[in-house]
There are 2 protein chains.
Amino acid sequence: MQITSRFTIAVHVITAIEYFKDMDRVNSEFLAGSVGVNPVIVRTVISKLREAGILKTQRGSSGAVLAKPLDQITFYDVYKAVDSVDKEEGLFHFHEQPNPNCPVGRNIHKAMDERLKEVQRSMENELKKITIADIAEDIRKEIRLESA
Amino acid sequence: MQITSRFTIAVHVITAIEYFKDMDRVNSEFLAGSVGVNPVIVRTVISKLREAGILKTQRGSSGAVLAKPLDQITFYDVYKAVDSVDKEEGLFHFHEQPNPNCPVGRNIHKAMDERLKEVQRSMENELKKITIADIAEDIRKEIRLESA
DNA sequence: AGCGGATGTCATGCCATATATTACAACTAT
DNA sequence: ATAGTTGTAATATATGGCATGACATCCGCT
């Protein structure tokens with residue numbers, strides 16, 4: 001199992017919006033072309049990002065605008081925004097019917113839950129350390145290398 | 001997206017095998033009853049655990065035997081054993097066709113890869129800190145509380 | 001040797017979810 | 001008003017997890 005590509009798509013989209021912000025017509029179709037997915041996917045991802053307050057859009061008129069500077073948008077923000085993992089259950093999917101008549105079955109959940117949450121927290125903390133600014137910078141570096 | 005319940009099933013199975021080791025007929029059917037899934041699922045999970053050297057089984061005769069003491073079986077071992085996440089791609093699923101003609105599209109992968117791997121590593125390190133012995137101990141505690 | 005009880009594994013079906021795609025109403029700017 | 005765009009619903013397809021039945025293989029025991 002893997003975390004949905006919606007996450008990497010979202011990072012890509014935000015980076016591209018910033019990178020091409022002075023260009024005409026950075027619309028969902030253009031972005032979809034860069035990402036390599038259907039424009040509707042881009043629009044739904046952008047919807048989620050808007051709901052999360054990461055960017056702003058306007059119906060009818062082309063182009064989204066970031067609501068925060070790049071270095072204040074962390075991977076965690078994006079990851080949460082696009083529902084990369086199930087909100088209720090968390091990162092780990094627990095088997096749903098351990099036998100309550102079995103001493104192990106009726107206690108396994110309690111024994112594992114807190115520890116799994118800790119693992120998840122640790123991963124999420126790592127995501128908080130990375131910002132889109134880091135990515136944008138790396139990409140500019142790579143582009144500079146290309147033309148060298 | 002979530003990590004397969006095969007993982008929590010595997011932890012449950014190992015714990016149960018140890019807990020009921022002195023009982024008769026701790027076979028896949030019995031374990032399936034405790035976990036609340038089909039016996040075939042238990043058998044495939046056990047197969048993976050055997051391949052990973054975590055336990056030993058014998059065709060025909062009932063019951064699996066752990067190959068290591070509980071405190072030497074980490075969550076990470078189990079997680080890797082049952083293929084909780086895709087081996088090749090890792091925890092994050094990258095969108096597959098970023099546009100090579102777009103400066104952002106052709107560099108986004110490079111810019112994100114190492115960082116995402118770092119996130120994954122950090123999660124896996126957390127998994128290494130937890131052993132089945134921790135779980136078994138917690139469960140025994142809970143059981144003691146029940147009868148108090 | 002033969003039998004009963006297991007395991008190991010395959011094949012199939014079902015269901016949930018991710019992504020693709022079409023369609024269209026709502027909206028903006030010119 | 002018109003062209004261009006967003007927001008979103010509806011539908012289709014593909015993939016993967018889990019359930020389930022079937023069965024060959026194997027072990028222990030009598």
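These numbers come from a predicted model, not from an experiment. First the proteins, then the strands, lettered A, B, ... as listed; each starts at 1.
Taking all atoms of both residues into account, the shortest heavy-atom contact from B:Arg106 to B:Pro100 is NH1-O, 3.1 Å.
One atom, NE2 of B:His95, and another, P of C:dA20, lie 11 Å apart when rounded to the nearest Å. In this structure, A:Phe92 places its CZ atom 17 Å from C1' of D:dG17, rounding to the nearest Å. Distance, A:Glu29 CD to D:dA3 P: 17 Å, rounded to whole Å. Computed from coordinates, the B:Leu49 CG to C:dT7 C1' distance equals 15 Å when rounded to whole Å. Rounded to an integer number of Å, the gap from A:Asn38 CG to D:dG7 P is 15 Å. Rounded to whole angstrom, the span from the NZ atom of B:Lys56 across to the C1' atom of D:dC27 amounts to 18 Å. The nearest whole Å value for the distance from the CD atom in B:Gln2 to the P atom in C:dT17 is 9 Å. Between A:Phe7 atom CZ and C:dA18 atom C1' the separation is 17 Å, expressed in whole Å.
The side chain of A:Gln58 sits closest to C:dA29 out of C:dA29, D:dT6, C:dA18. Taking the side chain of A:Val40 as heavy atoms from C-beta on, and the options C:dT7, C:dA18, C:dT21, the nearest nucleotide is C:dT21. Each of C:dT7, C:dA25, C:dT19 was ranked by its minimum atom distance to the side chain of A:Arg59; first place goes to C:dA25. Relative to the side chain of A:Asn27, the nucleotides D:dT6, D:dC27, C:dT19 differ in distance, and D:dT6 lies closest. Side-chain proximity of B:Arg6 to the nucleotides C:dT21, D:dC18, D:dC27 is greatest for D:dC18. The side chain of A:Arg43 lies closest to D:dT8, out of C:dA20, D:dT8, C:dT28. Closest approach to the A:Val37 side chain among C:dA23, D:dT6, C:dA20 is made by C:dA20 (side chain taken as heavy atoms from C-beta onward). Among the nucleotides D:dG4, C:dT19, C:dT22, the one closest to any side-chain atom of B:His93 is C:dT19.
A salt bridge links A:Glu126 to A:Lys129: at least one charged side-chain nitrogen sits closer than 4.0 Å to a carboxylate oxygen.
Between the side chains of B:Ser62 and B:Arg25, no donor-acceptor pair of N or O atoms lies under 3.5 Å. Using modelled atom types, one finds no donor on one side chain facing an acceptor on the other under 3.5 Å when comparing B:Ser5 with A:His93.
The shortest distance between the side-chain N/O atoms of B:Ser61 and the OP1/OP2 oxygens of C:dA6 is not below 4.0 Å. Note on B:Arg25: a side-chain N or O is less than 4.0 Å away from OP1 or OP2 of C:dA6. Between B:Arg50 and C:dT7, a side-chain N or O to OP1/OP2 separation shorter than 4.0 Å is absent. Listed pair A:Ser5 / C:dT19 meets the phosphate criterion, a side-chain N or O lying under 4.0 Å from OP1 or OP2.
Each of A:Ser62 and A:Glu51 lies near DNA chain D, and the nucleotide nearest A:Ser62 is the one positioned closer to the 5' end. Residue-to-nucleotide proximity on DNA chain C shows that, of A:Gly60 and B:Ser47, the 5′-proximal contact is made by B:Ser47. Nearer to the 5' terminus of DNA chain D, by closest-nucleotide assignment, is the contact made by A:Thr57 (compared with the other of A:Thr57 and B:Ile41).
With A:Thr74 contributing its side chain and A:Asp77 its backbone, the two residues share a donor-acceptor pair below 3.5 Å. Between the A:Asn107 side chain and the B:Ile139 main chain, no donor and acceptor come within less than 3.5 Å of each other.
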